[in-house]
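For reference, the structure is listed below as structure tokens.
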Amino acid sequence: MYQEVQRPFEVLVMHAEPLLSLGICAALREEPGLVVRCGPSTNMAASSLKERPEVIIADYDSAMNLVGPGSEGADTPVGNKPRRRIVVLSAKNSQSEIRVALERGVLGYLTPDCSPKELAAGVRAAGRGSRCIASPVAERIADLLSRERLTVREQDVLSLMATGLANKAIARRLGLQLATVKAHVGSILVKLKAKTRTEAVSTALRCGLA
């Protein structure tokens, strides 16, 4: 039976942790169909890369440097070269960090405890243009989607709640009426599905919202 032979595609590993970077490269070089190179790790923008690898594996901060403030750096075709896909491999998995990464165009999000086979499968999925999301990350995304997003002012109030300030102090700090702060606090409790201020702050800290 005829089987289509898939051409190899290039993977560049740009991870800030040297030993982890070497381990990623070693694991992926055992996989057929992947041309793997270890590259620089930090403080590089997408425009400064001379190579056009089809998949880049990076730690969170390196990935954010690559994509910049928007998504134009993550998935932009150049000439006849395929689009470059960025996969984050990081222990950072708060809801806010995940949301920022995905909004900026990162295609995959894996955690360091993934197996070599899961890593290879994720890289191949990214190479095809499909998303590859680790189970713990997917759970946080599902939890995030189940919550209504806080407004900017609610985030301000929540941040001050996390420091232990009472409503009157928050009102003075933000220049708001006490009734307005109370309304924001009530909305925060509803959106975070919390019964008390303490529970709301705990949820926010766990999710990286405060």
Side-chain angles (χ1 to χ4, degrees), residues 1-68 70-94 97-142 144:
M1 179 181 295
Y2 171 76
Q3 287 185 326
E4 181 182 357
V5 178
Q6 295 183 342
R7 65 171 182 80
F9 64 87
E10 295 182 33
V11 180
L12 177 64
V13 179
M14 298 179 62
H15 207 283
E17 299 181 34
L19 289 178
L20 185 53
S21 180
L22 290 173
I24 295 169
C25 289
L28 292 180
R29 282 170 179 157
E30 297 293 323
E31 297 292 328
L34 303 181
V35 178
V36 183
R37 290 183 294 104
C38 286
S41 57
T42 57
N43 298 323
M44 290 197 67
S47 59
S48 65
L49 279 178
K50 296 180 181 180
E51 306 90 351
R52 294 295 305 181
E54 292 152 86
V55 177
I56 296 175
I57 303 175
D59 59 279
Y60 186 88
D61 292 334
S62 297
M64 294 302 96
N65 284 330
L66 283 168
V67 298
S71 61
E72 67 275 1
D75 199 26
T76 305
V78 175
N80 294 323
K81 288 285 187 179
R83 294 184 176 220
R84 177 171 55 215
R85 284 94 181 202
I86 296 176
V87 176
V88 170
L89 181 67
S90 175
K92 292 185 177 183
N93 62 354
S94 73
E97 289 165 332
I98 295 167
R99 182 181 66 238
V100 168
L102 295 180
E103 286 178 348
R104 291 189 182 184
V106 165
L107 192 57
Y109 209 117
L110 303 175
T111 53
D113 59 354
C114 70
S115 70
K117 290 298 181 184
E118 289 171 331
L119 174 61
V123 169
R124 288 195 174 95
R128 296 191 300 269
S130 301
R131 289 221 180 261
C132 52
I133 306 294
S135 296
V137 176
E139 290 174 6
R140 287 192 176 274
I141 293 173
L144 175 64

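Fair warning: this is a prediction, and the values are worked out from it, not measured in the lab.
Side-chain contact between Tyr60 and Val106: absent, with no pair of heavy atoms (C-beta onward) separated by less than 4.5 Å. The side-chain heavy atoms of Arg37 and Val13, taken from C-beta on, include no pair separated by under 4.5 Å. Two residues are said to be in side-chain contact when any heavy atoms from C-beta on lie closer than 4.5 Å; Lys92 and Tyr109 meet this criterion. Put simply, the side chain of Phe9 does not reach to within 4.5 Å of the side chain of Val35, judged on heavy atoms.
Without hydrogens or angle criteria, Arg131 side chain to Gly108 main chain gives no donor-acceptor distance under 3.5 Å. For Glu54 (side chain) and Glu10 (main-chain N/O), a donor-acceptor pair under 3.5 Å exists by modelled atom type.
Listed by chain and number, the residues in a side chain to side chain contact (heavy atoms under 4.5 Å, CB included) with Leu119 are Ile24, Leu28, Ile57, Leu110, Cys114, Val123 (sequence neighbours excluded). Residues that satisfy the side chain to side chain donor-acceptor pair (under 3.5 Å) test with Thr111, not counting sequence neighbours, are Asp113. For Glu31, the salt bridge (Lys or Arg N to Asp or Glu O under 4.0 Å) partners two or more places apart in sequence, or in a different chain, are Lys117, Arg124.
When every heavy atom of Val87 is checked against every heavy atom of Ala126, the shortest pair comes out as CG2-CB, 3.6 Å. Heavy atoms only, all atoms of each residue included: Ala27 and Pro116 are closest at CB-CB, 4.2 Å.
Note that CD1 of Ile56 is 11.5 Å distant from CZ of Arg85, once rounded to the nearest 0.5 Å. Summarising the geometry, atom NE2 belonging to His15 is positioned 11.0 Å from atom SG belonging to Cys25; distances are rounded to the nearest 0.5 Å. Here the CG-OG distance, from Leu89 to Ser62, works out to 11.5 Å after rounding to the nearest 0.5 Å. Considering CG of Leu102 and CD1 of Ile133, their distance stands at 5.5 Å, rounded to 0.5 Å. Expressed to the nearest 0.5 Å, how far CG of Asn65 lies from CG of Asp59 amounts to 8.5 Å.
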